[in-house]
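Below you'll find the structure, written out as structure tokens, and then a few comments.
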Amino acid sequence: MSGLPAGGRRPAVRRRVNPDILRLAVLASGRGSNLAAILEACGRPGFPVRVVVVVSDRERAPALERARQAGAEAVFHDPKAYGDRAAYDAALVATLDRHRPGLVCLAGFMRVLTPTFVRAWAGRLMNIHPSLLPAFPGLHAQRQALEYGVRIAGVTVHFVDEGVDTGPIIVQASVPVLPDDSEDSLSARILGEEHRLYPEAIRLFAEGRLVITGRRVLVKERA
Ligand code: GAR
């Protein structure tokens, strides 16, 4: 006996969807250690978030492999396959729309997104940057901090606006810069804080506790 009903077709099984779980999309270009920290947090009891899709602009990004291993869909969008940034971002929007995320997180996604993309996801688009913004935006933030000679460096999670690393700040954490620091040692110290802070910011969003008022983000007390 096959156990199938007459007619041989298995009845469609509806996946139960928990409306309290935030559907998260992550865009990542590289090694994906922040993605790994987010995936790990999603596995903790009571963490109200599920990664539904990871998109990368690099075919061999380890982030894509991490996504597959965690059972999330991994999508490569090849920049060379599109005529311009607008066409590329339109493809990104189409992929994201298919997965209906409530939040999109940039985790080492090394492309500047078009204003059209940013406007489409305004208030639902986060980025992590390895400096205490507004200091040292753009590339090589840790090197910029060392070269400037600051004593305190750190990390910022912020909502994305149309500028580069300029959106409203959600959370920040600082780390000391030690006299014998290299770019690698400082980056590693900052990265440790990144892995703690990004899941924390995502959880605050998932719990509906972030309110953007102008440039400021208020964090509401837990209800
Ligand atoms: C992280 O340090 C992140 O803050 C940085 O790229 C790295 C990605 O690492 N992002 C930026 O500099 C954005 N301007 P990961 O791939 O291991 O998460």
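Note that ligands are numbered from 1 as they come in the structure, with each ligand's atoms numbered from 1 the same way. Counting from 1, the numbers follow the sequence of the chain as shown.
In terms of protein heavy-atom proximity, atom 8 (C) of ligand 1 is nearest to Gly108 CA, 3.7 Å. Among protein heavy atoms, the minimum distance from atom 14 (N) of ligand 1 is reached at His129 ND1, 3.1 Å. Nearest to atom 15 (P) of ligand 1 among the protein's heavy atoms is Ser33 N, 3.4 Å. Scanning the protein heavy atoms around atom 1 (C) of ligand 1, the nearest turns out to be Glu194 OE1, 3.1 Å. Scanning the protein for heavy atoms near atom 10 (N) of ligand 1, the closest one is Ile128 O, 3.6 Å.
Distance alone, capped at 3.5 Å, is enough to place a donor-acceptor pair between the Arg66 side chain and the Arg31 backbone. Put simply, the side chain of Ser56 gets close to the backbone of Ala28: a donor and an acceptor are under 3.5 Å apart. Of the possible donor and acceptor atoms, none in the side chain of Asp89 sits under 3.5 Å from a partner among the backbone N and O of Phe117. The main-chain N or O of Asp78 is never found under 3.5 Å from a side-chain atom of Glu59 such that the two would form a donor-acceptor pair. A donor-acceptor pair is defined here as one N or O able to donate and one able to accept, closer than 3.5 Å; no such pair exists between the side chain of His129 and the backbone of Pro134.
Leu35 contributes atom CG, which lies 11.5 Å from atom CD of Glu40 (distance to the nearest 0.5 angstrom).
A salt bridge is defined here as a Lys NZ or Arg NE, NH1 or NH2 lying under 4.0 Å from an Asp or Glu carboxylate O, and Lys220 with Glu207 fails to meet this definition.
Ligand 1 is never approached by Ala141 to a heavy-atom distance shorter than 4.0 Å.
The distance from ligand 1 to the heavy atoms of Pro130 drops below 4.0 Å at these ligand atoms: 4 (O), 5 (C), 10 (N), 11 (C), 12 (O).
Considering backbone and side-chain atoms alike, Gly32 places an N or O below 3.5 Å from some N or O of ligand 1. Backbone and side-chain nitrogen or oxygen atoms of Asn34 are examined, and one is located within less than 3.5 angstrom of a nitrogen or oxygen of ligand 1.
By heavy-atom distance, the residue among His195, Gln142, Arg31 lying nearest atom 9 (O) of ligand 1 is Arg31.
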